[in-house]
Undergrad: 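Dumping the structure here so I can ask a few things about it.
Note that these values count all heavy atoms, side chains included, but never hydrogens, waters or copies made by symmetry. What you see is a predicted model, and the numbers here were worked out from it, not measured in a lab.
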Amino acid sequence: MLKDKIAIITGGTRGIGFEIAKVYLENKAKVIILGSRKESVEKALGELKKAGFKAEGFWPNLGIYKEIEKMVQTVIKKHGRIDILVNNAGIAAKDPIEETTAEDFEKIFDLNIQAIFRTTKAVVPIMKEQGEGVILNTSSMVSLYGQPSGVGYPASKFAVNGLTKSLARELAPVGIRVNAVAPGIIRTDMMKSVPEEVIAPLVKTIPLGRIGEPRDVANAFLFLASDMASYVTGEILSVDGAARS
Ligand code: NAD
């Protein structure tokens with residue numbers, strides 16, 4: 001579905017981003033994963049190699065526009081184009097507002113939304129010149145309903161939806177589609193540390209009766225990146241088993 005497409009995936013070293021990398025590679029894309037540290041990127045590339053895939057990786061600081069620009073230029077020098085940008089890196093928050101500092105709030109926004117602005121800004125001129133491109137963002141179920149604590153996280157994901165819908169309108173005339181996926185509760189490293197007695201009651205609230213797997217989410221990213229979604233833009237696609245909390 002993605003033969004020879006050049007795809008950059010932020011937060012591609014583990015969890016949902018790593019699974020997106022795998023599903024894109026299975027569908028014959030050329031994949032560049034980004035992570036926050038050299039070691040985690042190299043570890044992920046090693047795991048992909050063991051699974052029979054060849055990918056590339058970089059670790060630009062997503063807080064610094066110049067580092068992102070440099071990474072984009074390196075990709076262009078080698079591949080000549082960028083077809084897909086997946087803005088997936090994100091951090092969560094769970095503290096009540098009294099225990100959340102202004103710095104905590106800013107840190108979440110800096111990665112969950114400002115970094116999306118930076119990577120997108122760096123890639124848009126290239127996609128414009130190509131006359132086509134796909135930008136996909138990882139939102140969250142809480143971008144629709146909020147969450148009872150850790151306000152920075154849902155607030156940043158509401159912003160992700162706003163950016164997605166607005167950029168979809170701005171960039172549609174030049175052939176760039178922009179969509180987001182809003183996962184529910186997904187079994188990533190974060191969830192692995194949650195005890196079974198906490199997970200069981202949660203599962204009861206999910207109509208599909210189970211927690212989502214990274215592959216459930218990655219498949220939505222595959223569809224949206226592919227020509228199967230050629231008339232889909234500005235969409236926030238829920239992948240949450242109809243969980244609504
Ligand atoms: P994860 O913690 O397993 O992976 C997060 C990824 O982001 C890692 O690859 C990490 O390298 C990267 N990252 C973290 N901090 C970074 C930084 N400062 N700079 C660059 N990269 C950084 O989490 P995940 O569950 O796979 O989450 C991926 C995305 O999915 C996030 O945007 C998250 O908000 C969203 N999401 C997750 C769930 C869930 O239940 N797991 C639900 C809804 C949305």
Side-chain angles (χ1 to χ4, degrees), residues 9-17 20 34-36 61-65 68 85-121 135-169 178-195 197-208 211-212 214 216-217 220-221 234-245:
I9 304 169
T10 77
T13 57
R14 58 171 201 251
I16 291 169
I20 298 170
L34 306 188
S36 48
N61 183 338
L62 297 182
I64 301 175
Y65 185 68
I68 295 167
L85 169 66
V86 178
N87 289 307
N88 167 76
I91 43 172
K94 55 178 173 32
D95 293 334
I97 191 153
E98 301 92 323
E99 290 165 28
T100 302
T101 64
E103 288 74 28
D104 296 334
F105 194 79
E106 273 168 26
K107 192 175 162 206
I108 290 195
F109 265 69
D110 194 64
L111 183 65
N112 291 12
I113 183 71
Q114 303 261 45
I116 297 186
F117 168 78
R118 293 184 195 105
T119 48
T120 303
K121 187 174 164 62
I135 297 168
L136 302 176
N137 302 321
T138 307
S139 182
S140 165
M141 170 174 84
V142 304
S143 76
L144 303 170
Y145 308 103
Q147 69 183 30
S149 196
V151 69
Y153 182 70
S156 70
K157 296 295 188 180
F158 271 78
V160 170
N161 294 2
L163 177 140
T164 301
K165 285 186 175 289
S166 299
L167 277 182
R169 285 168 173 257
V178 188
N179 289 292
V181 174
I185 302 162
I186 309 300
R187 198 187 308 275
T188 60
D189 281 357
M190 201 171 68
M191 283 304 295
K192 275 180 200 155
S193 60
V194 180
E197 56 270 27
V198 176
I199 293 180
L202 268 178
V203 171
K204 282 204 180 108
T205 68
I206 304 172
L208 276 184
I211 283 188
D216 293 316
V217 181
F221 275 96
E235 196 57 39
I236 314 298
L237 177 56
S238 289
V239 180
D240 62 4
R244 304 281 185 261
S245 61

Undergrad: Of all residues at least two apart in sequence or in a different chain, which pass the side chain to side chain donor-acceptor pair (under 3.5 Å) check with Ser143?
TA: Ser139, Asn161

Undergrad: List the residues meeting ring pair (Phe, Tyr, Trp, His ring centres under 6.0 Å) with Phe109, not counting sequence neighbours, and say none if there are none.
TA: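 Per chain and number, Phe109 pairs via ring pair (Phe, Tyr, Trp, His ring centres under 6.0 Å) with Phe105.
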
Undergrad: Side-chain contact, heavy-atom cut-off 4.5 Å: Leu167 with Ile135?
TA: no

Undergrad: Without swapping roles, check the side chain of Ser238 against the backbone of Ala182 for a donor-acceptor pair under 3.5 Å.
TA: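 It does not hold such a pair.
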
Undergrad: Excluding sequence neighbours, so at least two apart, what forms side chain to side chain donor-acceptor pair (under 3.5 Å) with Thr164?
TA: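 Once residues adjacent in sequence are excluded, the partners of Thr164 under the side chain to side chain donor-acceptor pair (under 3.5 Å) criterion are Asn137.
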
Undergrad: Can you give me the closest heavy-atom contact between Ile16 and Pro214, atom names plus distance?
TA: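 Scanning both residues, the minimum pair turns out to be CA-CB, 4.5 Å.
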
Undergrad: When you measure from the side chain of Ser166 to the backbone N and O of Leu163, does any donor-acceptor pair fall under 3.5 Å?
TA: no

Undergrad: Going by salt bridge (Lys or Arg N to Asp or Glu O under 4.0 Å), name the residues that satisfy it together with Asp110, two or more places apart in sequence or in a different chain.
TA: Arg118

Undergrad: Distance-only, no hydrogens or angles: does the Ser140 side chain make a donor-acceptor pair with backbone N or O of Val142 under 3.5 Å?
TA: yes

Undergrad: Could you pull out the closest heavy-atom pair between Pro207 and Ala243, with the gap in Å?
TA: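 The pair with the smallest heavy-atom distance is CD-N, 3.9 Å.
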
Undergrad: Might you point out which heavy atoms bring Phe158 and Tyr145 nearest each other, and give the distance in Å?
TA: CZ-N, 4.4 Å

Undergrad: If every non-hydrogen atom of Tyr153 is compared with every non-hydrogen atom of Asn112, which pair is closest and at what distance?
TA: CD1-ND2, 3.6 Å

Undergrad: As an exercise, state the distance from CD1 of Ile9 to CZ of Phe221, rounded to the nearest 0.5 Å.
TA: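 It is 9.0 Å, given to the nearest 0.5 Å.
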
Undergrad: Going from CD1 on Ile211 to CG on Asp240, what distance comes out if it is rounded to the nearest 0.5 angstrom?
TA: 12.5 Å

Undergrad: Counting distance only, does the side-chain N/O of Lys165 pair as donor-acceptor with the main-chain N or O of Gly234 below 3.5 Å?
TA: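 At least one qualifying donor-acceptor pair exists.
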
Undergrad: Is Arg14 close to Thr188 at the side-chain level, that is, under 4.5 Å between some pair of heavy atoms?
TA: no

Undergrad: Look up atom CD1 in Ile236 and atom NZ in Lys157, then write down how far apart they are to the nearest 0.5 Å.
TA: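 Result: 11.0 Å between the selected atoms.
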
Undergrad: Could you state the interatomic distance from CD1 (Ile68) to CG (Asn61), rounded to the nearest 0.5 Å?
TA: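 Reported to 0.5 Å precision, the distance equals 8.0 Å.
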
Undergrad: What pairs meet the salt bridge (charged side-chain N to carboxylate O under 4.0 Å, His left out) rule with one or both residues in residues 99-108, with sequence neighbours excluded?
TA: none

Undergrad: Which residues satisfy the side chain to side chain donor-acceptor pair (under 3.5 Å) test with Asn179, sequence neighbours excluded?
TA: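 For Asn179 there are no side chain to side chain donor-acceptor pair (under 3.5 Å) partners, ignoring immediate neighbours.
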
Undergrad: Of all heavy-atom pairs between Leu62 and Ala89, which one has the smallest distance, and what is that distance?
TA: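 That closest heavy-atom pairing would be CD1-CB, 4.1 Å.
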
Undergrad: First locate atom CD1 of Ile185, then atom CG of Leu202, and finally report the distance between them rounded to the nearest 0.5 Å.
TA: 4.5 Å

Undergrad: Are side-chain heavy atoms of Thr138 and Val181 found at a separation under 4.5 Å?
TA: no

Undergrad: Under the 3.5 angstrom rule, does the side chain of Thr119 hit a backbone N or O of Ile116 as a donor-acceptor pair?
TA: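 Between the backbone of Ile116 and the side chain of Thr119 there is a qualifying donor-acceptor contact (under 3.5 Å).
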
Undergrad: What are the two closest non-hydrogen atoms of Ala220 and Leu237, and how far apart are they?
TA: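 That would be CB-CD2, 3.9 Å.
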
